[in-house]
Amino acid sequence: MTVVDNPWFYALAIPALILNGISKGGLGGGIGSVSVPMMALAIPPTQAAAIMLPILCIMDLPAIHAYFGRWDKAQMRIIIPAGLLGIVVGTLTFRYMNESLLRIVLGAISIGFVFNSMRTKDPAAKPPTRGKGWLWCTLSGYTSFVAHSGGPPLTVYLLPQKLDKTVFVATSVVFFSVGNYVKIGPYLWLGLFDLRNIATSALLFPVGILGVYLGVYLHKRLSQQLFYKIVYVLLLATGAKLLYDGLTRF
């Protein structure tokens, strides 16, 4: 059983996985959206997505353990079904979607949300609505399926609610964990897995797990105010990266 033998791939994959783990374990998953685009600099995007999925499934386990029972249960009745709907749409349209256009849309949404939040004078938390939940979380499920880039839409939905930082991360962890394990079946059906990709995933498991524990460590030491400032900055950086990649490859 062979693995990807391109050294540039590992030079990009290792920091990408550490960032993804920190994001998943401590910041809610936003900056993890850059992982596949980073890996796609060295290998095809579809292969990068196939390699990432088993790693994400393994990374989900310590993340769930760290935040077990801390998620917003009322939100689950909205975000989980919406995310699953997005995965179904992603499965049916995967062979026809334009990855560059998808990155442009995600990047524009992320940047626009951050600048709109900076412009808004009312800092009060906004109650969630079912309509917004279904819109953003269906989009999150779809983008998570095609490029593991579901962080920005979910963050756009959750941030205005000003949840406790631990509830925010725990809710994000459950949402993406459910989605990642559901995606295994469609990925098999689409023929995205092969022995080489799976072996490469197994080789990188420890890096992803290390990133998660590092994220949990940092989360415990961040104040609520600093946590939200970092999430906004990371959402802006992720949006800029996705927009740049989409425009340069369109």
Side-chain angles (χ1 to χ4, degrees), residues 1-21 23-25 29 31-64 83-103 106 140-151 173 175-212 238 241-242 245-246 248-250:
M1 188 180 299
T2 61
V3 298
V4 173
D5 56 5
N6 183 349
W8 288 110
F9 165 74
Y10 295 99
L12 294 163
I14 290 173
L17 284 173
I18 292 175
L19 284 173
N20 194 301
S23 181
K24 180 182 289 289
I31 200 173
S33 300
V34 304
S35 297
V36 170
M38 285 180 66
M39 292 182 180
L41 295 174
I43 61 175
T46 52
Q47 184 182 14
I51 290 172
M52 274 298 299
L53 182 55
I55 301 173
L56 291 173
C57 289
I58 295 297
M59 291 166 65
D60 287 332
L61 300 178
I64 289 177
L84 295 178
L85 175 61
I87 290 173
V88 171
V89 176
T91 301
L92 298 176
T93 63
F94 183 80
R95 300 194 187 278
Y96 309 102
M97 64 95 186
N98 185 305
E99 293 178 354
S100 296
L101 181 59
L102 180 64
R103 287 170 178 157
L106 278 176
S140 180
Y142 176 79
T143 55
S144 176
F145 182 84
V146 300
H148 303 310
S149 296
V173 164
F175 175 80
F176 288 115
S177 296
V178 171
N180 287 334
Y181 279 92
V182 169
K183 286 187 287 187
I184 293 174
Y187 268 50
L188 286 169
W189 181 64
L190 290 167
L192 296 177
F193 291 132
D194 60 32
L195 291 179
R196 190 183 192 198
N197 290 343
I198 293 173
T200 304
S201 300
L203 183 65
L204 292 170
F205 283 159
V207 180
I209 294 173
L210 174 64
V212 172
T238 301
K241 169 65 174 169
L242 290 168
D245 287 346
T248 55
R249 299 179 187 185
F250 189 69

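The shortest non-hydrogen separation linking L12 to A42 is CD1-CB, 4.0 Å. When all heavy atoms are compared, the tightest approach of F176 to S144 is CD2-OG, 4.2 Å. A199 and T2 get closest at one heavy-atom pair: CB-O, 3.5 Å. Across S140 and G150, no two heavy atoms sit closer than the pair OG-O, 2.6 Å. The minimum heavy-atom distance linking V3 with R196 is given by the pair O-NE, 3.4 Å. Between H148 and L53, the shortest heavy-atom contact is NE2-N, 3.8 Å.
Looking at S23, its side chain never comes within 3.5 Å of a backbone N or O of L19 through a donor-acceptor pair. Between the side chain of Y10 and the backbone N or O of V4 there is at least one donor-acceptor pair closer than 3.5 Å. Judged by distance alone, with hydrogens and angles left aside, the side-chain atoms of Y181 form a donor-acceptor pair with the main-chain N or O of C57 at under 3.5 Å.
When side chains are defined from C-beta on, L192 does not count as touching Q47, because their heavy atoms never get closer than 4.5 Å. When side chains are defined from C-beta on, I43 counts as touching I51, because their heavy atoms get closer than 4.5 Å.
Taken from CD1 in I58 to CZ in F205, the straight-line distance is 4.5 Å, to the nearest 0.5 Å. Distance check: K24 NZ to S177 OG gives 5.5 Å after rounding to the nearest 0.5 Å. Here the CD1 atom belonging to I184 is positioned 10.5 Å from the CG atom belonging to L56, to the nearest 0.5 angstrom. N20 contributes atom CG, which lies 8.0 Å from atom CE of M39 (distance to the nearest 0.5 angstrom). Rounding to the nearest 0.5 Å places CD1 of I209 at 11.0 Å from CG of L204. Considering CG of D60 and CD1 of I55, their distance stands at 12.0 Å, rounded to 0.5 Å.
Relative orientation of the F94 and F145 rings is perpendicular, given thresholds of 30° and 60° on the angle between their planes.
In summary, the side chains of T91 and K183 do not present any donor paired with an acceptor at a separation below 3.5 Å, with no hydrogens or angles considered.
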Exercise. Is there a side-chain contact (heavy atoms from CB on, under 4.5 Å) between Y142 and V88 once you walk through the steps?
Worked result: CA-CA 8 Å; Y142 176 79; V88 171; over 6 Å; no
